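The basis for the numbers below is simple: all heavy atoms, side chains too, and nothing from hydrogens, waters or symmetry mates. Given the structure is predicted, the values throughout are model-derived calculations rather than measurements. One-based numbering, in listed order, for ligands and for the atoms of each.
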Amino acid sequence: MGLAYAVNVKRILVSSCLLGRPVRYDGRAKPVEDALLDRWRAEGRIVPVCPEVAGGLGVPRPPAEIVHAGSGDPGEAVLDGTARILTDAGDDVTDAFVRGAHRALATARQWNAVVALLKEGSPSCGTHRVHDGTFTGAARPGTGVTAALLRRNGLHVLGEHQLAEVREHLI
Ligand code: SF4
């Protein structure tokens, strides 16, 4: 049986846009080129996920940000029901984002992903920073809703600039 089908292989959940899939709100990708990714791909360790598409949102879609998150972590606040996710037109898309986060978690569990490599800045995938809810391009520290849910459930959650650190969690 090849490595790609071994059930106990530790895998990496990766934001689809980092893998070159054009799933971002603007219909684009944010591909990362790295020999490590190529190796993990060949080993069958990569599990792509776009939480927003998994949650039922289309491509392209309106930009959305976590608003009214207070001083706590934005992604955690959404999971706790104390912050919402709105589009730039004011439409509430919180339910779709939370649904997508749970589908990403289910995918991680299905494929034994123990670490997540996610796109920074996104209200779903942001790992160290997200937009601050003002739609001005400004950022604030904290996680997006998927990053927060994965971390709550024991995954090691890393941003796209921490690719080398992924290896520590595959041993
Ligand atoms: S939700 Fe995550 S995977 Fe999907 S486009 Fe946004 S950053 Fe990329």
Side-chain angles (χ1 to χ4, degrees), residues 11-34 36-38 40-41 45-67 69 73-79 83-89 91-111 113-153 155-163 165-166:
R11 294 192 173 84
I12 312 154
L13 195 74
V14 184
S15 295
S16 294
C17 57
L18 296 179
L19 297 170
R21 300 189 183 180
V23 290
R24 280 165 47 92
Y25 74 95
D26 57 4
R28 296 182 164 188
K30 281 279 184 181
V32 170
E33 306 289 338
D34 193 288
L36 278 174
L37 270 182
D38 293 340
W40 294 328
R41 207 179 266 119
R45 290 188 191 266
I46 300 287
V47 180
V49 72
C50 175
E52 292 171 23
V53 170
L57 298 170
V59 181
R61 54 188 173 275
E65 298 192 7
I66 300 172
V67 298
D73 182 85
E76 294 284 344
V78 173
L79 293 176
R84 307 295 292 173
I85 303 179
L86 304 182
T87 70
D88 58 349
D91 294 325
D92 191 327
V93 286
T94 309
D95 290 350
F97 274 70
V98 172
R99 184 166 57 242
H102 283 278
R103 288 187 176 158
L105 175 61
T107 299
R109 286 177 167 158
Q110 179 184 356
W111 291 99
V114 298
V115 54
L117 186 73
L118 303 181
K119 174 80 187 74
E120 284 291 5
S122 154
S124 292
C125 294
T127 300
H128 295 94
R129 60 180 168 77
V130 295
H131 291 295
D132 69 354
T134 62
F135 293 94
T136 60
R140 56 168 290 173
T143 58
V145 63
T146 293
L149 186 69
L150 295 175
R151 192 169 276 159
R152 268 189 188 188
N153 284 275
L155 271 83
H156 302 282
V157 179
L158 302 171
E160 78 243 40
H161 301 299
Q162 296 175 285
L163 221 136
E165 293 176 40
V166 169

Do Cys50 and Cys17 have side chains that get closer than 4.5 Å, going by heavy atoms? no
Ligand 1 atoms in contact with Pro51 (distance to a heavy atom under 4.0 Å): 1 (S), 2 (Fe), 3 (S)
Decide, counting backbone as well as side-chain atoms, whether Cys50 has an N, O or S atom less than 2.8 Å from atom 2 (Fe) of ligand 1. no
Given side chains that start at C-beta, do those of Leu36 and Val166 come closer than 4.5 Å, heavy atoms only? no
What atoms of ligand 1 come closer than 4.0 angstrom to any heavy atom of Ser122? 6 (Fe), 7 (S)
Just wondering, do His128 and Gln162 contact through their side chains at under 4.5 Å, heavy atoms? yes
Need the ligand 1 atom indices (1-based, order shown) with element for anything under 4.0 Å from a heavy-atom of Val49. 3 (S)
Is any side-chain heavy atom of Asp34 less than 4.5 Å from a side-chain heavy atom of Trp40? no
Check each atom of ligand 1 against the heavy atoms of Ser16 and keep those under 4.0 Å away; list them by number with element. 3 (S)
To atom 8 (Fe) of ligand 1, the nearest of Pro48, Cys17, Gly55, Ser15 on a heavy-atom basis is Cys17
What part of Lys119, side chain, backbone, both or neither, has a heavy atom within less than 4.0 angstrom of ligand 1? side chain
Which one holds for Thr146 and ligand 1: side chain close, backbone close, both close, or neither close, with close meaning a heavy atom under 4.0 Å? neither
Counting from 1 in the order shown, the ligand 1 atoms closer than 4.0 Å to a non-hydrogen atom of Arg24 are 5 (S)
Around atom 2 (Fe) of ligand 1, find the nearest protein heavy atom and jot down its residue, atom name and distance. Cys125 SG, 2.3 Å
Give the C-alpha distance, both sets of side-chain angles, the deciding distance and a yes or no for salt bridge (Lys or Arg N to Asp or Glu O under 4.0 Å) between Arg24 and Glu52. CA-CA 9 Å; Arg24 280 165 47 92; Glu52 292 171 23; over 6 Å; no
Non-hydrogen atom of Arg61 closer than 4.0 Å to ligand 1: yes
Validation row: Pro60, Asp26 side chains within 4.5 angstrom (heavy atoms): no
Nearest atoms (heavy-atom pairs only) where Pro123 meets Ala64: CG-O, 3.3 Å
If we number the atoms of ligand 1 from 1 as shown, the ones under 4.0 Å from a heavy atom of Val23 are 5 (S)
Determine, using heavy atoms of Val53 and all atoms of ligand 1, whether some pair is separated by less than 4.0 Å. no
Working for side-chain contact (heavy atoms from CB on, under 4.5 Å), residues Val93 and Arg61: CA-CA 11 Å; Val93 286; Arg61 54 188 173 275; over 6 Å; no
Given Leu57 and Phe97, is the side-chain contact (heavy atoms from CB on, under 4.5 Å) satisfied, shown in steps? CA-CA 8 Å; Leu57 298 170; Phe97 274 70; 3.4 Å; yes
